A.B. asks: 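A single structure is presented below for examination.
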Amino acid sequence: MASMQPHALDQLWATVSSRKGADPASSWTAKLLSKGVNKCAQKVGEEATEVVIEAASGNAAGVVSESADLLYHLEVLWAATGVEPEQVYAELRRREGTSGIAEKAARPKG
Ligand SMILES: N=c1c2ncn([C@@H]3O[C@H](COP(=O)(O)OP(=O)(O)OP(=O)(O)O)[C@@H](O)[C@H]3O)c2ncn1[C@@H]1O[C@H](COP(=O)(O)O)[C@@H](O)[C@H]1O
């Protein structure tokens, strides 16, 4: 039977998007958003690097933990840039079934 629980990313989005305009003193998300897009983007870069470091160290538990940080900060960046998760999901669905190898071969030669 299909679970009625919302996907963790959707649940997180409900919280993250609700923090727009919230008090930066009581919400980390609101604090980050108040610093602007560049700061939110910088955090995504940092967290992505931490995922890479954990992977290169062979630490799967670290990859899990840093991936959660990365996904959280990516959602904050979506909120900062006015992107809705559904737009990203739609793009993923659009790509479904197209191999990266076929997609690369079809790119215009530059
Ligand atoms: N998933 C997260 C989450 N992951 C990481 N973080 C916070 O992100 C911060 C990043 O820590 P870093 O050490 O990377 O950053 P820093 O060095 O302290 O700061 P910088 O000076 O480098 O920017 C920490 O304070 C973490 O607690 C998160 N904060 C919030 N959430 C989720 O967002 C929800 C809403 O949180 P608030 O907005 O705080 O209510 C929470 O209930 C959680 O579900």
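Since the model is a prediction, treat every value here as computed from it, not as a measurement. Numbering of ligands and ligand atoms starts at 1, following listing order. Residue numbers run from 1 in the order of the sequence given. Below, all heavy atoms of this structure are taken into account, side chains as well, without hydrogens, waters or symmetry copies.
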A.B. asks: Could you pull out all residues at least two apart from Glu86 that satisfy salt bridge (charged side-chain N to carboxylate O under 4.0 Å, His left out)?
C.D. replies: Arg93
A.B. asks: Contact between Arg19 and Trp28 at the side-chain level, heavy atoms closer than 4.5 Å - yes or no?
C.D. replies: no
A.B. asks: How would you list, by chain and number, every residue that makes a side chain to side chain contact (heavy atoms under 4.5 Å, CB included) with Val52, sequence neighbours excluded?
C.D. replies: none
A.B. asks: Taking CG in Asn38 as the centre, count heavy atoms belonging to other residues, nucleotides or ligands within less than 6.0 Å. Is the count above 12?
C.D. replies: no
A.B. asks: Is there any protein N/O under 3.5 Å from an N/O of ligand 1, and what does the full list of such pairs look like?
C.D. replies:
| unit_1 | atom_1 | unit_2 | atom_2 | d |
| --- | --- | --- | --- | --- |
| ligand 1 | 8 (O) | Trp28 | NE1 | 3.0 |
| ligand 1 | 14 (O) | Lys43 | NZ | 2.9 |
| ligand 1 | 14 (O) | Glu47 | OE2 | 3.2 |
| ligand 1 | 15 (O) | Lys43 | NZ | 3.0 |
| ligand 1 | 22 (O) | Lys43 | NZ | 3.1 |
| ligand 1 | 23 (O) | Lys39 | NZ | 3.1 |
| ligand 1 | 23 (O) | Lys43 | NZ | 3.4 |
| ligand 1 | 38 (O) | Arg19 | NE | 3.3 |
| ligand 1 | 38 (O) | Ser27 | OG | 2.5 |
| ligand 1 | 38 (O) | Trp28 | N | 3.4 |
| ligand 1 | 38 (O) | Thr29 | N | 3.0 |
| ligand 1 | 38 (O) | Thr29 | OG1 | 2.6 |
| ligand 1 | 39 (O) | Trp28 | N | 2.7 |
| ligand 1 | 40 (O) | Arg19 | NE | 3.1 |
| ligand 1 | 40 (O) | Arg19 | NH2 | 2.9 |

A.B. asks: Could you work out, with side chain to side chain contact (heavy atoms under 4.5 Å, CB included) as the rule, every residue matching Ile53, not counting sequence neighbours?
C.D. replies: Thr49, Ser57
A.B. asks: Could you go step by step and tell me if Tyr89 and Leu9 meet the side-chain contact (heavy atoms from CB on, under 4.5 Å) rule?
C.D. replies: CA-CA 11 Å; Tyr89 301 160; Leu9 284 176; 3.7 Å; yes
